[in-house]
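These figures come from a predicted structure and were not determined experimentally.
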Amino acid sequence: MKGVICWKDSLLDILKRFYYIQTEEKKDNKGKIKKKQRAIFPRYHQLDVVRKIEKDVLENGTGQKYLIQHSAGSGKTNSISWLAHRLAGLHSQSNENIFDSVIVITDRKVLDRQLQDAIYQLEHKKGVVEKIDDTKRSGDLAQAIKDRAKIIITTIQKFPFALEKIDELEKGRYAVIIDEAHSSTAGENMSSLKETLNGKTLKESKVIESDVEDDDDKINEILEKRTNTENISFFAFTATPKNKTLQIFGRMGSDGKPHEFHLYSMRQAIEEGFILDVLRNYSTYDVYYKVGKKIQDNPEFDKGKANKAVNRFVSLNEYNIRQKIEVMVEDFMNNRSMWLKGKSKGMVVTGSRLHAVRYKQAIDEYIKEKKYPIKSLVAFSGTVKIDDEEYSEATMNGIKETGLTEVFDKDDNTKFLIVAEKYQTGFDQPKLCAMYVDKNLDGVKAVQTLSRLNRTYPEKDNTFILDFFNDTEKITESFAPYFQATSIEEVTDPNIVFDMYYQLNAIHVYLPEEVEKVTTLYLKEKKSNRDQEIMNNLVDKGVERYLKLSEDEKEEYKTLAVKYTRAYNFLIQIYPLKNVNLYKLQIYLIGLIKKLPVDRISSKLELDKILSLDYYKLKQIAGEGKQGANISLMGDQIGEPLPGFTAGGASRKKEEDLEHLDDIINKINKIFEMNLTENDRLLFDQVIEDYKNIEGLKDKAMVNSYEEFKDSFAKKDFIRGILKRKSANEDIFNKILSESSFKSFIIEEIARKLYNEFISG
């Protein structure tokens, strides 16, 4: 292969069409912009995929699908850029452009800046590349398509709106490159993309709008555009193809199952040194605890909700968070902070936005207590309300959301990024060396999240993961299907959508004539207010019939309706489902589902005020010491095929299963209290009761601010009260005396609870 690459024609092709100078602009410490340039050559797999796709397109023309499974960190951005430019300049033997436009699509709502820059740097001619970013509208996308811009960069979310803006478009030939193909490409946005690119004329629209009896003709036209894509070629890039992605973009093999067109596996990328093996150093911790209750009564609660409430109480308990962040921060400071010559960084993955806020507060407080010269940032969407105070990412960080990635990258003292969903995918920060996980991770989500660590960097030899939630077996099972080639168990049977169609008809929520009329009005090019009112009234009749169903029937129908719309949107991407009635029901159900009443689920069960954390122990399970266990898949393991996509049965709402609180607590404790001893008893609630009996303490709270009360309590009352409980748990008592930061934490916790109780009652 090396000889082939070094042939004269091959080298000239590389120098002419692949080699380019990448320019990065960065501000120095004085705020001056400095340009950094470096020469970019393709890696072998990048060169190979572009050349193989070019060869296949020249042989087979348009209308083909290409699934490119390239590992995260393998240089996908450059691969897409080179492919876009190669396809944009591709000519047939008669010297005609094979594609009128190359459209690069990302699933992210904000265009990937790195992708934009890479494509722009490859093409210097003005007007060749048209980016439809957040400063532009769907009308700009429609105009770019009409003008047949050579390369268009946009998000898939703009296509439904672009469709409405195109009055007339001559059918063209398009190459659609999809950056990170996910399940969203099986939905309505993908159908809108196909309709947009398959042409639409004013003449046809006017004829159809003037004759309502031609609804079926209009639908057949739409279905033809959605299913007949002989003029559109799809090139889908992903590191972790899901079952749906394989079926939509894969090519059928001799085994009757879809496969990728080009593979650059995680294993190969690790072997060739382009990414790191994040499973080489993996440590897990287990939490053991015993919960009690502060009340004498033994009320009944729904068992399922109560179990969740107890687990949530423990996960958000200040002592639990404190113990975990101590382990995290100390591990990083002692074992990871010196990596990359002191530039290494860590990510903390939390289970919710509320957890992210709590962890940010706890980590910052601990850093302050220990006087460590480091900082943290937090990332989550929206706002979180705690005790009448609202928290947002921007207010907690003190910087704008848009500036987070730059600050995290450039500020060497900012070591921790605490996340809740955000930045678990699509975040490329090569200085990330350590990850601390306190969240359930499974399947593709585990692979995408942990792969944030796999980017290479000068002198980055290792990564480290410390996991408080998942065991190593679960993690390796998640990685196995994506480590080499990904396969699926079975191809989806299109008959499942027909089965659901007949099941929905049998429940009689809608009448056939209502579906017909709603569809007719929906398909009108220009709907009047009266048309919209009629549609609403027709759908409302369905809602009225739905409300007359039993509770079980309601749940079954709603679940079935949602599954039908999802299955239909998926299956129409891989099968020529040109059945008019299926499409009509799809249109009707989209309107109906939006109007169905939201289930009146009782508010989340809160048991915090009546529960107590009596015993607690944090123990390392996998990976002794600071290295962690090696759970790498670099052996001969082969992952199981991904399970097939099925409609599944309609779920029924579970009836309340009441159980006494004592029984609920006892069952949970049996699971989590293993290996606990008296040395793990916390006794903080009992200590608080002792303090309440100290004469004059309540009076201090009533006449002082919290800070004044805490200072006085720490100096005069704390040790006096804690001594009474010394014999119950000498380990904690000795830790309080020997570790000033832990002592400060305990004083804070007890003083705050005492002050609040004194003031409130």
Side-chain angles (χ1 to χ4, degrees), residues 182-192 194 215-216 219-220 222-224 226-227 242-248 258 488-520 522-523 535 538-599 642-654:
H182 294 303
S183 296
S184 59
T185 50
E188 195 67 25
N189 287 339
M190 195 66 171
S191 294
S192 296
K194 291 179 180 178
D215 282 342
D216 285 3
I219 293 172
N220 283 323
I222 291 171
L223 294 177
E224 181 67 23
R226 292 189 177 189
T227 56
K242 296 181 181 179
N243 178 291
K244 288 183 179 181
T245 312
L246 272 166
Q247 292 195 64
I248 293 171
I488 61 173
E489 285 181 348
E490 58 184 348
V491 176
T492 303
D493 182 355
N495 287 316
I496 62 172
V497 76
F498 289 95
D499 293 340
M500 288 188 282
Y501 174 84
Y502 292 120
Q503 289 178 54
L504 288 163
N505 281 350
I507 302 176
H508 303 298
V509 164
Y510 50 81
L511 299 178
E513 56 266 29
E514 293 170 352
V515 175
E516 290 283 345
K517 186 63 176 174
V518 167
T519 305
T520 297
Y522 175 83
L523 293 175
M535 288 175 65
L538 288 168
V539 174
D540 286 342
K541 290 179 180 179
V543 175
E544 289 173 11
R545 297 187 196 102
Y546 170 85
L547 293 174
K548 293 177 182 178
L549 300 174
S550 68
E551 290 302 314
D552 284 345
E553 288 172 332
K554 286 177 187 174
E555 184 68 18
E556 184 175 356
Y557 184 86
K558 188 173 184 180
T559 302
L560 192 58
V562 171
K563 285 185 176 180
Y564 176 89
T565 59
R566 290 176 179 170
Y568 180 84
N569 277 329
F570 162 56
L571 289 168
I572 201 171
Q573 309 301 330
I574 54 177
Y575 294 108
L577 291 176
K578 297 181 181 180
N579 185 295
V580 171
N581 291 324
L582 293 180
Y583 179 75
K584 288 178 180 178
L585 183 58
Q586 166 80 354
I587 295 301
Y588 176 85
L589 287 177
I590 289 173
L592 179 70
I593 291 168
K594 290 178 181 178
K595 288 199 158 204
L596 292 182
V598 178
D599 295 332
L642 298 176
F645 174 85
T646 61
S651 62
R652 291 184 178 272
K653 190 183 291 184
K654 293 181 180 179

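Residues meeting the salt bridge (Lys or Arg N to Asp or Glu O under 4.0 Å) test with Lys517, sequence neighbours left out: none.
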Tell me, with the steps shown, if Tyr501 and Asn505 meet side-chain contact (heavy atoms from CB on, under 4.5 Å). CA-CA 6 Å; Tyr501 174 84; Asn505 281 350; 3.2 Å; yes
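Atom CD of residue Gln247 and atom CD of residue Glu490 lie 8.5 Å apart, to the nearest 0.5 angstrom. In this structure, CG on Leu585 lies 10.0 Å from CG on Asn579, to the nearest 0.5 angstrom. The line from CZ of Phe570 to OG1 of Thr245 is 8.5 Å long, rounded to the nearest 0.5 Å. Here Tyr557 contributes atom OH and Leu589 contributes atom CG; the two are 5.5 Å apart, rounded to the nearest 0.5 Å. Rounded to the nearest 0.5 Å, atoms CG (Leu511) and CD (Glu516) are 12.0 Å apart. Annotation: the span from Gln503 atom CD to Glu556 atom CD amounts to 7.5 Å, rounded to 0.5 Å.
Side-chain contact between Pro597 and Leu547: present, with at least one pair of heavy atoms (C-beta onward) separated by less than 4.5 Å. Within the 4.5 Å cutoff, side-chain heavy atoms of Tyr510 are placed close to those of Leu504. Side-chain contact check for Leu549 versus Val509: some heavy-atom pair is nearer than 4.5 Å. Contact of the Leu577 side chain with the Phe498 side chain is registered, since non-hydrogen atoms from C-beta on lie closer than 4.5 Å. The shortest distance between side-chain heavy atoms of Ile572 and Tyr583 does not fall below 4.5 Å. With a 4.5 Å cut-off on side-chain heavy atoms, Met500 and Tyr568 do not count as touching.
The two residues Leu538 and Tyr588 come nearest to each other via the heavy atoms O-OH, 4.3 Å. What you find for Leu592 and Gly542 is that their closest heavy atoms are CD1-C, 4.1 Å. Annotation for Ile496 and Leu571: closest pair CG1-CD1, 3.9 Å, computed over non-hydrogen atoms.
Annotation for Lys541: atom NZ does not count as buried by contact number, only 12 or fewer foreign heavy atoms lying within 6.0 Å.
Remark: Glu551 engages Lys554 in a salt bridge, criterion side-chain N to carboxylate O under 4.0 Å.
A donor-acceptor pair is defined here as one N or O able to donate and one able to accept, closer than 3.5 Å; such a pair exists between the side chain of Tyr564 and the backbone of Leu582.
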